[in-house]
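Side-chain atoms are counted along with the backbone in the values below, which use heavy atoms only and exclude waters and symmetry mates.
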Amino acid sequence: MTKLFPDGLSFSGYNTPSRIECDIYDLEVEGDVPPDLNGRWYRSGPDPQYPPYLGDDIYVDGDGMISMFNFENGHVDFKMRYIQTERWKAERAARRSLYGKYRNPWTDKPEVAGKSRGTANTAPIWHAGRLLVLKEDHVPMAVDPDTLATLGDFTWNGQLKSKTVTAHPKIDPVTGELLLFSYECEGDGSSPMCFLIEDKSGNLVKEEWFDPPYVGMVHDFAITTDYVIFPIFPTTMDPERLKAGGDHWKWDGSLPSWVGIMPRAGSTTDIRWFKVPTSCGFHVINGFNEGTIVHLDMMISKRNGFPYIGDIAGS
Ligand SMILES: [Fe+2]
């Protein structure tokens with residue numbers, strides 16, 4: 001018998017778990033859908049299968065659920081399916097939660113020790129004829145674009161060395177390339193980052209590793225015509241804290257922020273790191289360059305912007 005989900009921010013309001021896989025033929029429509037608007041819109045997000053065994057969790061730890069809205073001759077059909085990750089399958093078989101704290105494998109039940117913790121719960125991307133669903137602490141998961149059936153981990157036929165890939169890659173509209181990056185490339189608790197390029201035909205043509213100034217949450221990045229921008233903010237990871245069962249992320253306001261700028265014509269050894277005032281950011285709005293002047297547009301706050309992430313000072 002599955003117990004009720006706990007009260008609180010992560011399981012109420014729009015974070016309320018639906019746990020519903022469904023097909024709805026001909027959605028009701030307010031107004032009119034243009035009859036020549038044909039195609040598909042995919043979305044994904046966290047939708048936890050079971051209440052957390054530790055009693056609480058943060059909403060970004062939920063199992064990935066993907067939806068498809070199929071637009072056809074003025075009609076819209078809907079389909080929603082769980083991404084069947086190793087984690088989802090293990091908990092499904094056990095009929096209960098087995099994984100512990102967000103991005104802390106040292107808090108998992110012994111029966112899932114060493115198993116994948118990926119949830120594929122953040123963003124879908126369509127590129128080179130593939131539908132991938134992404135979550136920044138794991139490799140992409142491939143999904144059948146017609147049935148939404150999970151096809152499995154996607155590693156460019158085993159070519160990818162990193163154990164993680166960002167959920168927010170960028171398509172260059174001019175070259176057709178998909179530009180990506182990874183952080184904690186050796187898995188939770190590790191420090192390297194890398195930069196990746198998938199060409200317009202779907203081949204992984206670049207994977208270059210590098211070390212950031214420190215390990216911070218690198219949720220997003222920016223590309224311009226000539227540069228790649230890596231913003232690093234002090235929402236920090238400490239491997240010793242993880243091993244002791246602590247939180248993956250803590251805000252450390254004693255550290256500066258950094259912006260790494262790499263020429264696209266160069267490599268990660270050409271990254272220049274610029275120290276900037278302590279700040280907290282998450283999503284990038286845009287980036288562009290005028291010659292060698294590089295612009296990065298994003299919202300930042302002076303302090304921790306996440307209500308579910310604590311401070312190393314204890315607040
Ligand atoms: Fe995001």
Side-chain angles (χ1 to χ4, degrees), residues 42 44-46 60-61 63-66 81-92 99 102-103 105 108 112-172 175-212 215 217-221 223 228 230 237 248 262 267-268:
Y42 298 96
S44 66
V60 291
D61 206 17
D63 296 283
M65 184 77 94
I66 184 165
R81 295 287 186 277
Y82 270 119
I83 308 297
Q84 297 190 9
T85 61
E86 189 172 4
R87 169 173 163 154
W88 182 90
K89 289 178 185 172
E91 294 191 336
R92 185 115 175 149
Y99 290 75
Y102 180 63
R103 296 189 68 173
D108 293 343
V112 291
K115 279 188 182 283
S116 164
R117 307 183 92 252
T119 52
N121 71 7
T122 309
I125 184 135
W126 175 260
H127 187 252
R130 296 183 192 115
L131 178 62
L132 301 179
V133 186
L134 304 154
K135 162 73 179 170
E136 67 198 41
D137 63 359
H138 197 261
V139 299
M141 299 287 290
V143 170
D144 184 303
D146 298 324
T147 65
L148 302 185
T150 304
L151 302 175
D153 286 359
F154 182 79
T155 59
W156 287 272
N157 293 318
Q159 196 184 333
L160 179 72
K161 295 182 183 70
S162 178
K163 292 182 177 174
T164 61
V165 173
T166 179
H168 293 311
K170 312 295 180 208
I171 296 173
D172 183 322
T175 66
E177 294 169 309
L178 184 70
L179 279 67
L180 316 94
F181 75 96
S182 311
Y183 73 95
E184 298 192 46
C185 286
E186 292 170 335
D188 286 326
S190 67
S191 60
M193 291 183 65
C194 75
F195 173 63
L196 307 158
I197 299 177
E198 179 187 86
D199 70 14
K200 63 182 179 185
S201 304
N203 305 302
L204 185 65
V205 293
K206 182 174 278 196
E207 178 174 0
E208 294 181 350
W209 287 40
F210 60 94
D211 291 315
V215 183
M217 181 203 292
V218 193
H219 184 68
D220 201 357
F221 78 141
I223 65 169
V228 178
F230 302 103
M237 184 279 297
H248 192 104
M262 181 186 82
S267 75
T268 53

Can you tell me if [X] uses its side chain to pair, donor with acceptor, with the backbone of [Y] under 3.5 Å?
X: Glu207; Y: Ser162; value: yes
X: Glu208; Y: Ser267; value: no
X: Asn121; Y: Val60; value: yes
X: Glu136; Y: Thr122; value: no
X: Arg103; Y: Asp137; value: no

Is there a side-chain contact between [X] and [Y], using heavy atoms and a 4.5 Å cut-off?
X: Ile66; Y: Ile83; value: yes
X: Pro124; Y: Val143; value: no
X: Thr268; Y: Met262; value: yes

For Ser182, run the side chain to side chain contact (heavy atoms under 4.5 Å, CB included) check against Thr164, Val218, Val139 and tell me which one passes. Thr164
[atom1]/[X] to [atom2]/[Y] distance, rounded to the nearest 0.5 angstrom?
X: Leu178; Y: Asn203; atom1: CG; atom2: CG; result: 12.0 Å
X: Ile125; Y: Glu198; atom1: CD1; atom2: CD; result: 9.0 Å
X: Leu131; Y: Met141; atom1: CG; atom2: CE; result: 12.0 Å

In terms of heavy-atom contacts, does NZ of Lys115 have more than 12 from other residues, nucleotides or ligands at under 6.0 Å?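 Not more than 12 within 6.0 Å, no.
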Evaluate Leu179 against Phe195 for side-chain contact (heavy atoms from CB on, under 4.5 Å), listing each step before the verdict. CA-CA 8 Å; Leu179 279 67; Phe195 173 63; 3.9 Å; yes
Working for side-chain contact (heavy atoms from CB on, under 4.5 Å), residues His138 and Thr119: CA-CA 8 Å; His138 197 261; Thr119 52; over 6 Å; no
Working for side chain to side chain donor-acceptor pair (under 3.5 Å), residues Glu184 and His248: CA-CA 12 Å; Glu184 298 192 46; His248 192 104; 2.7 Å; yes
If you measure from the Lys or Arg side-chain nitrogens to the Asp or Glu carboxylate oxygens, is any gap between Arg87 and Asp108 under 4.0 Å? no
State plainly whether the residues Lys170 and Asp220 are in salt-bridge range, i.e. N to O under 4.0 Å.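 Yes.
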Test side-chain contact (heavy atoms from CB on, under 4.5 Å) on Phe230 and Tyr183; report intermediate values, then the result. CA-CA 11 Å; Phe230 302 103; Tyr183 73 95; over 6 Å; no
Please give me the minimum heavy-atom distance between Gly176 and His127, naming the atom from each residue.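 Closest heavy-atom pair between Gly176 and His127: O-NE2, 2.7 Å.
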Looking at every heavy atom in both Val165 and Leu160, which two are closest together, and how far apart are they?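 So the two residues come closest at CG2-CD2, 3.9 Å.
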Starting from the C-alpha separation in whole Å, work towards a yes-or-no answer on side-chain contact (heavy atoms from CB on, under 4.5 Å) for Trp209 and Lys161. CA-CA 10 Å; Trp209 287 40; Lys161 295 182 183 70; 4.2 Å; yes
Hey, what's the ring geometry for Trp88 with Tyr82, parallel, tilted or perpendicular (30° and 60° as the breaks)?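 Taking Tyr82 first and then Trp88, their aromatic rings sit tilted (interplane angle of 30° to 60°).
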Report the relative orientation of the aromatic rings in His168 and His219; use parallel for angles under 30°, tilted for 30 to 60°, perpendicular for over 60°.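 Correct class here is perpendicular.
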